[in-house]
J.: 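Input: one structure, supplied below.
Per chain, numbering begins at 1; letters A, B, ... match sequence-line order.
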There are 4 protein chains.
Amino acid sequence: MKSAILEAAEDLIAANGLSGAPLAQIAKRAGVAVGTLYNYFADRDALIAALFEMRRATLRPRLRAAVTAGEGLAFEARVRAFVREVFAAFEAHRKFIKVAIETEHHRLTPGTTAKDLMSTIDELVKIGAKEGIVAAERSELLAIAMTGALKALVLRRISSNAKLDDAEADGLVSLLLDGARA
Amino acid sequence: MKSAILEAAEDLIAANGLSGAPLAQIAKRAGVAVGTLYNYFADRDALIAALFEMRRATLRPRLRAAVTAGEGLAFEARVRAFVREVFAAFEAHRKFIKVAIETEHHRLTPGTTAKDLMSTIDELVKIGAKEGIVAAERSELLAIAMTGALKALVLRRISSNAKLDDAEADGLVSLLLDGARA
Amino acid sequence: MKSAILEAAEDLIAANGLSGAPLAQIAKRAGVAVGTLYNYFADRDALIAALFEMRRATLRPRLRAAVTAGEGLAFEARVRAFVREVFAAFEAHRKFIKVAIETEHHRLTPGTTAKDLMSTIDELVKIGAKEGIVAAERSELLAIAMTGALKALVLRRISSNAKLDDAEADGLVSLLLDGARA
Amino acid sequence: MKSAILEAAEDLIAANGLSGAPLAQIAKRAGVAVGTLYNYFADRDALIAALFEMRRATLRPRLRAAVTAGEGLAFEARVRAFVREVFAAFEAHRKFIKVAIETEHHRLTPGTTAKDLMSTIDELVKIGAKEGIVAAERSELLAIAMTGALKALVLRRISSNAKLDDAEADGLVSLLLDGARA
DNA sequence: TATGAATGAGTTTTCATTCAT
DNA sequence: AATGAATGAAAACTCATTCAT
């Protein structure tokens, strides 16, 4: 029930944005009465927060796992493994990822998947810097650029109904580590 | 008067988001009565649209100029010049740029500065591909990544009250063309 | 509840006209909150339309019945029966009849009781023409005049709190069929 | 100037009703600024009232004249002359007559042409009664019916862009005095 | 006198939240 | 727990009226 409600909310937010998902519509789509929403969530904000936290609870472990996935490998291979894992995780939650990226700057969605992605990438880049693979003075920039590039790529692919596969992941990693020159 | 209203709207949207700027507050901050807003804009949507179009009218020529800024130069220098120009333009409109990037996916803000940036970068990357500097098979990815990285960097700097200067621009270009390796 | 709201609207419109019945007053008189109105009607226009349609649904069958009331009788007797029935029906809905006649030409009230009356009278007059009782070349005029005269008489009686009884009906029919000469 | 404003108001009211004629539109159509309206009329109500009074000032004398038009003639001829005169007067002010009849029951238009018509007809009918032509017990009814029938006929003809000529007038008089029988 | 931008009270409309069943 | 009608505060919108120029 709770998750049926959250899925209904997710659908509507994905389609119409955060302010295009009134409780009446969420309830209708979830097949329950409005009043029922209040048996599961204190208020609208809490419902939205719960949606983001539910997905976060699923995605954060996978992001964490993605960091450790390539442990022992050379840095490039490790980053490649990381991005492949991230893409796989996002692929499994396309609708929410769209929502998470699009509403990233909204008051109601602080500290959610977008932030988790950022901090995970930070962590990974620091490893590269410590290993001397990534130029120290470029590491902050790399982290920011990688996060931005990844989100842009993901959103693009989701919006055009294209897959997020390993080739896509490898391409992004090559670009960021070796540049775009021919 | 019209622009005082739009600036008030910009301030409020920058502070509280698109749905955190009721007409009563906009009017108050602009120092006019609510009714006055309707002397200048058909309705709330039109006011918001006008804000984005006003800034767009200022920024688009600068983005276009940024593309031609480095004409004749080698591609890397040209991209460098482009990003420096873009940063200079964004620096002059920090508040709006924050708003434009944060609300990029909102129903009320289609075809605005964020799109102009994307298409401008597209154009530039195509030149690099034609010149053989950018690997053809990487050009789409480069355009997406560059747009995403640039927006992420800009937003980060604006949010932390840091400048968007030439050094920042050069760093981003190096990263994208040559990669992050030490 | 729905009909309490419509009755409140009817009262206010009868007293102050269509534009003298704001939703706040309708709600107050109906003993509900303003928001409640929107649980029953899409918007103000829909509420007004519903009022006219509700009464129409009641009155139209009675007008139809009035046409058949005198079937088999000689034409004059038939018309007499018709007008008596109409008066009885109107008598039972004085307040609405007042509203319906007074707002007959308003944008929000097309195709309502006033039109039904007109078309019903048309039908009846055609019967009289076919039977040769009414001069063919006078039938259109008779229909128009009868409708106008009937509405004027009804409105007059309602406004002066006078009854609409059989004598009144018979008087009108005599006048229209035989003229006013002594 | 004043009459240009009143004509603009008349046009708009004829087209959209009393509540479909905001001052801004009236001013625009009259080719003046809103503020100017207040140099000629105390407020909106006064403007509307002035429109009705201006026309009334023109029409009332013609209605009065219509009563005396047939003095000396036999009653039927006199009524015929009266209705012909009325039709001629109304024909010359079709737009206003439409407005006057349609808004007859509005708060802002008491004691105007519609009432003048009624009282004029009353007067005429009384003459017929005194002369013994109209049955005394039918005179009130005749007056009401004649007024209603006349207004209905006029409105019908104006709405369908048909003329109000002498034949039309004669037809109405015959109907009311002699009835519709073949 | 003419102008038309500015005003703000009045009205409509939305929607999260409550609560009796 | 589930329901959904009722609520009313907040927001959008309209328009007669004012007033500085």
J.: If you find the nucleotide of DNA chain E closest to B/Met1 and the one closest to C/Val34, which residue's nucleotide is nearer the 5' end?
T.: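 Final value for this comparison: B/Met1.
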J.: Is the shortest heavy-atom distance from the side chain of C/Glu7 to the side chain of C/Lys95 under 4.5 Å?
T.: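 Side-chain contact under 4.5 Å: no.
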J.: Start at the 5' end of DNA chain F and walk down; is the nucleotide closest to C/Gly31 or to A/Leu37 reached first?
T.: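 On the 5' side of the pair lies A/Leu37.
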J.: Under a 3.5 Å cutoff on both atom distances, Watson-Crick or G-U, what's the dot-bracket for DNA chain E ([ ] crossing, | other strand)?
T.: .||||||||||||||||||||
J.: Between the base of F/dA1 and the side chain of A/Asn39, is there any donor-acceptor pair under 3.5 Å?
T.: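 Looking at the base of F/dA1, it does not pair with any donor or acceptor on the side chain of A/Asn39 (distance under 3.5 Å).
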J.: Once you round to the nearest 0.5 Å, how far does CG of C/Asn16 lie from NE2 of D/His106?
T.: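 One finds 10.5 Å between CG of C/Asn16 and NE2 of D/His106.
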J.: Separation of B/Gln25 atom CD from F/dA10 atom C1', in whole Å?
T.: 11 Å
J.: Can you identify which nucleotide, out of F/dA11, F/dG4, E/dT11, has its nearest atom closest to the A/Ala33 side chain?
T.: F/dG4
J.: In whole Å, I'd like the distance from the CD1 atom of A/Ile26 to the C1' atom of E/dC15.
T.: 12 Å
J.: Under 3.5 Å, is there a donor-acceptor pair between the side chain of D/Thr109 and the main chain of D/Thr103?
T.: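 Yes; at least one donor-acceptor contact below 3.5 Å.
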J.: Distance-only, no hydrogens or angles: does the D/Thr36 side chain make a donor-acceptor pair with backbone N or O of D/Val32 under 3.5 Å?
T.: no
J.: Whole Å only: how far is the NZ atom of D/Lys2 from the P atom of E/dT1?
T.: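 It is 11 Å, rounded to the nearest whole Å.
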J.: Rounded to the Å, how far apart are D/Asp45 CG and F/dC15 P?
T.: 15 Å
J.: Salt bridge between A/Arg62 and A/Asp116, side-chain N to carboxylate O under 4.0 Å?
T.: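 Salt bridge between A/Arg62 and A/Asp116, a charged N being under 4.0 Å from a carboxylate O: no.
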J.: It should be established whether D/Tyr40 places a side-chain nitrogen or oxygen under 4.0 Å from OP1 or OP2 of nucleotide E/dA2.
T.: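 The answer is yes; a side-chain N or O of D/Tyr40 sits under 4.0 Å from OP1 or OP2.
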J.: Taking the side chain as everything from C-beta on, heavy atoms only, tell me whether C/Lys151 gets closer than 4.5 Å to C/Glu104.
T.: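 C/Lys151 vs C/Glu104: side chains touch.
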J.: Expressed as a whole number of angstroms, how long is the span from C/Leu23:CG to F/dT14:C1'?
T.: 14 Å
J.: Can you measure B/Lys28 atom NZ to F/dA11 atom P for me and round it to whole angstrom units?
T.: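 Value for this atom pair: 12 Å.
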J.: Considering every strand and a 4.0 Å limit on heavy-atom distances, what is the contact class for A/Val32: base, sugar-phosphate, or nothing?
T.: sugar-phosphate
J.: Would you say the ring centroid of C/Phe96 lies under 6.0 angstrom from that of C/Phe52?
T.: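 Aromatic pair counts; centres sit under 6.0 Å.
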J.: Hey, which sits more toward the 5' end of DNA chain E by its nearest nucleotide, C/Gly35 or C/Ala24?
T.: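 Residue closer to the 5' terminus by nearest nucleotide: C/Ala24.
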J.: Is the phosphate of F/dA1 approached by A/Thr36 (side-chain N or O, under 4.0 Å from OP1 or OP2)?
T.: no
J.: From CG of D/Leu18 over to P of F/dA16, roughly how many Å is that when rounded to an integer?
T.: 12 Å
J.: Any side-chain N or O of D/Tyr38 under 4.0 Å from OP1/OP2 of F/dT17?
T.: yes
J.: Would you mind reading off the distance between B/Asp43 atom CG and E/dT13 atom C1', rounded to a whole angstrom?
T.: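 Distance check: B/Asp43 CG to E/dT13 C1' gives 14 Å.
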